[in-house]
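Have a look at the structure below, then the notes.
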Amino acid sequence: MVTNFLLFMLLSIGPTTTQPINPQETTGINGEWQLLHENIGISPTHMQLLHNDKVVMFDRTDFGPSNISLPFNHCRYDPFDSVLQKDCTAHSILYDIRANTFRPLSIQTDTWCSSGAVLPNGTLVQTGGYNDGDHTIRTMVPCDDGTCDWIEFPGYLKERRWFSTDQLLPDGRIIIVGGRRQFSYEFYPANPPDYFTSVNSSSFLIDFLRGTADWVTENNLYPFVHLLPDGNLFIFANVQSVVFDYEQNKVVKHLPPITGDNPRNYPSSGSSVLLPLDENNPVEAEVMICGGAPRDALLKIRRSRNFSRAIPTCGRIKVSNEKPSWEMETMPIARVMGDMVILPNGDVLIINGAGSGLAGWENAQDPITRPVIYHPNNPQNARFSVMQSTTRPRLYNSAAILVTDGRILVGGSNPHMFYNFTNVEFPTELSLEAFLPPYLAPEYNPIRPEIVKLPSKIKYKKPLMVTFTVLKFLKLSRVTVRIIAPSFTTHSLGMNQRMVVLKEDKDVSFVGGSSNKTYTIGVVGPSTAKIAPPGYYLLYLVHAGIPSPGMWVKVQ
C-alpha cells in the first residue's frame, strides 16, 4: 500500500587507521542518516569530490595536532606556527567513498578559509589560505594507487587570497575573486602566462567589491560567484549583486539589492546556488540565496553575547530578465551557516548551521539539526519539506557535498579557535555522516532507474544515447538526463556547483527485458562551454522524480 501510494503521488587510497562503521539501511521517506565514521582524524572545513570517487577533505594547519598521524614519521616543520612548530599529524585526508576508508595527506602551508576548483583534466586546484598559505596554489591529481598527495606552489598568487571564491571558466581557467581586503581577481593559470617566473603577474581591481565592505564586520567575504549562460559572472557581496564581464573588467548590469538589507556573505554566512539550467526550454539564469545573519549580529555578540536570530528568508532572482527583481520566501527554519546542495532530481538541500549568531569562533547557538529540501518548481507556498534530524550539531567550519550514489556527505564543525573536545558546549566534531534524501528510501526501489550504458565523453551539441533499466516504468512520468558539477564546499558556499538538464533528442524507447526492462533515451550534449564548462560531471537519469546512481562523464 505504501509503495502504491508513493507511486500515485509521483504521477501527480589505502586502509583507514580506524574501523569504519557499517551503514544501516534507510527505512523512511523523510531522509535518513548514516554514521560512516566516529573519527576521521580531522574536522573537514573543505570538501571536494574527485572523478575517481574519492573526496579530498582538509581543515587548517594551525589548529594544533589532529587525531590522525602522518605516515612514515613524516612531520611538518614551521618555526612561525603559533601553536605547533613540529607537527607530525595530518590536516587533510583522502576519503574513498566505495570502500568507506581514508588515508592522511600532507599539507605544508595553511589552508584556513581557502578556496578551490577542479580543472577540466580532473586536477583539484586549491587556492590561498592564511599566513604562509595566503599566496599559495596547491594541486591534487586524482590517483587510485595510494601515492597521490598535495603539491604546493608557494607565492604563486599575486594577491593574498583569504576568504576568496573560485569559479571555473568556459576556457578552462579558474578565476579567483576577492578575499579579505582584496578587491580584485586573478586567474589560474596566470593571465597572461608568465614564462619567466612561477609567480602570477596579473591581478585586476573590481570596484564593486570595495563598495560592499562593512568595515567592522565586512560581510563581503567569500562572494557568491556563479558563471552565467552568457559567459559573464553573477557576483553577490553583502546585499549587492552585479553581472560582471571579467574579460573587459566591467560591470554590465547592476541588480537590485536583496530585500531586507541583511548581509548574506561571510561572516553573516548565508548560502547561494545557481538553480538548474534546463536546455529543453529557453535557458534562464536564476540564483537563490538563503539564510544568513542580521547586519548587527556580530556587534551584539561582541558587546553583550547577545545572539541574534538567523535570517529566515530566501531570495530568488532571474538574472537574465530585463528588469530582474527578488522573489522572497520564508524558510520553515531560520538558518545561518547552512550549506545548499543541488540534488540529482533538481531539488536543493539546505543542511547544517545554526538558528542564531553567525560564523566565527563561539559565535553561534541553537544548532539546526534538521535539513530542509527546497522544491524550486513547486508553487511558492509549497516548496519546503522538513527532513529527519541528526544528533550531531554542525556549526562553523562544517561542510556537505553530493557524492556519486546520491547521498550527501556531511562533516566538520569546529566552532573554536583550536581543536577542543571538552568543557565546551559544542565540541570539535571529527565524525563523518551521510544524509540520504527521500529518493533513496526503499519504497522507491521499483521506480529507481539504473544506467547500464553511457559514453564516457560528451561533446558539445552532439547527440548521445543513454540506456537504462527500471523495474516499473511509469509511462506518464517524464525521464530527464542531467549533469552536475561537484562543488568545492567550504564556509556555506558550494563553489562551481551547477546542474544542466540536457536537451531531449529522442523519446524513451523500450529495448527489451522481462524483469528489469531496458530503455533508451536520446539527449544532446551541452550547447556551449558557458552553459557547462569543460570537465568531469556526474550524470544522473531521473525517472518519476527518482534519480539513478550517478555516472562520471567528461564534457569536452
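Everything numeric here is computed off the predicted structure, so don't read it as measured data.
Contact annotation: the side chain of Leu402 approaches that of Pro344 to within less than 4.5 Å [non-hydrogen atoms, C-beta and beyond]. Using a 4.5 Å heavy-atom cutoff, the side chains of Leu538 and Thr404 are in contact. Two residues are said to be in side-chain contact when any heavy atoms from C-beta on lie closer than 4.5 Å; Ile368 and Asn352 fail this criterion. Between Tyr266 and Met337, the closest side-chain pair of non-hydrogen atoms is not below 4.5 Å. Using a 4.5 Å heavy-atom threshold, the side chains of Gln48 and Asn496 count as separate. Counting heavy atoms from C-beta on, the side chains of Leu168 and Leu227 never come closer than 4.5 Å. Side chains of His491 and Asn397 form a contact here, defined as non-hydrogen atoms less than 4.5 Å apart. Counting heavy atoms from C-beta on, the side chains of Ile97 and Leu49 come closer than 4.5 Å.
A donor-acceptor pair shorter than 3.5 Å cannot be found between the side chains of Ser43 and Asn414. Looking at Ser272 and His226, their side chains do bring a donor and an acceptor atom within 3.5 Å of each other. Side-chain contact, Ser106 with Gln108: a donor N or O sits under 3.5 Å from an acceptor N or O. For Asp166 and Ser115, the side-chain atoms include at least one donor-acceptor pair closer than 3.5 Å. Side-chain contact check for Thr109 and Glu152: at least one donor-acceptor pair (N or O, by modelled atom type) lies under 3.5 Å. Side-chain atoms of Thr369 and Ser389 form a donor-acceptor pair, as typed in the model, at a separation below 3.5 Å. Arg394 and Ser431 form a side-chain donor-acceptor contact under 3.5 Å, judged by distance and modelled atom types alone. Side-chain contact annotation: Glu159 with Ser203, donor-acceptor N/O pair under 3.5 Å present. Checking Gln126 against Ser114 by side-chain atom types alone, a donor-acceptor pair falls below 3.5 Å.
For His135, there are no side chain to side chain donor-acceptor pair (under 3.5 Å) partners at least two apart in sequence or on another chain. Shown here are the ring-ring contact (aromatic ring centres under 6.0 Å, His included) partners of Tyr374, two or more places apart in sequence or in another chain: Phe384. With sequence neighbours excluded, the residues satisfying disulfide bond (SG atoms under 2.5 Å apart) with Cys290 are Cys314.
Evaluated for a side-chain hydrogen bond (donor to acceptor under 3.5 Å, both in side chains) with Asn238, the options Asn220, Asn219, Asn265, Asp214 yield exactly one hit, Asp214.
Among pairs with a residue in residues 296-312, none fulfils side chain to side chain donor-acceptor pair (under 3.5 Å), at least two apart in sequence or across chains. The disulfide bond (SG atoms under 2.5 Å apart) analysis of residues 374-427, with sequence neighbours excluded, yields no pairs. Sequence neighbours left out, the pairs with a member in residues 396-406 that pass salt bridge (Lys or Arg N to Asp or Glu O under 4.0 Å) are Asp405-Arg407.
With a 6.0 Å cutoff to the six-membered ring centre and a 45° limit on the axis angle, Arg180 counts as a cation-pi contact of Trp162.
The distance between the ring centers of Tyr419 and Phe63 falls below 6.0 angstrom. Residues His416 and Phe426 place their aromatic rings such that the two centres sit no closer than 6.0 Å. Ring to ring, Phe236 and Phe224 are close: their centroids are under 6.0 angstrom apart. Between Tyr246 and Tyr185, the ring centre distance reaches or exceeds 6.0 Å. A ring-centre distance under 6.0 Å is found for Tyr188 and Tyr156.
Under 4.0 Å is where a charged nitrogen must lie from a carboxylate oxygen, and between Arg383 and Glu327 at least one such pair does. Taking a cutoff of 4.0 Å between a charged side-chain nitrogen and a carboxylate oxygen, Asp134 and Arg161 do not qualify as a salt bridge. Taking a cutoff of 4.0 Å between a charged side-chain nitrogen and a carboxylate oxygen, Glu186 and Arg173 do not qualify as a salt bridge. Comment: Arg295 engages Asp261 in a salt bridge, judged by a side-chain N to carboxylate O separation of less than 4.0 angstrom.
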I would like to know whether Phe102 and Val55 meet side-chain contact (heavy atoms from CB on, under 4.5 Å); could you show each step before the answer?
CA-CA 9 Å; Phe102 57 91; Val55 180; over 6 Å; no

One pair to check against side-chain contact (heavy atoms from CB on, under 4.5 Å): Thr489 and His46. What are the steps and the verdict?
CA-CA 6 Å; Thr489 296; His46 313 73; over 6 Å; no

Step by step, would you call Ser92 with Val56 a side-chain contact (heavy atoms from CB on, under 4.5 Å)?
CA-CA 7 Å; Ser92 178; Val56 179; 4.3 Å; yes

Could you walk me through whether Asp81 and Arg76 pass the salt bridge (charged side-chain N to carboxylate O under 4.0 Å, His left out) test, one step at a time?
CA-CA 10 Å; Asp81 193 305; Arg76 169 181 170 271; 3.1 Å; yes

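Atom NZ of Lys530 has 12 or fewer neighbouring heavy atoms from other residues, nucleotides or ligands inside a 6.0 Å radius.
A donor-acceptor pair under 3.5 Å is absent between the side-chain atoms of Thr330 and the main chain of Pro312, judged by distance alone. For Asp110 (side chain) and Thr61 (main-chain N/O), a donor-acceptor pair under 3.5 Å exists by modelled atom type.
Under the 30°/60° scheme for interplanar angles, the aromatic rings of Tyr95 and His37 are found to stand perpendicular.
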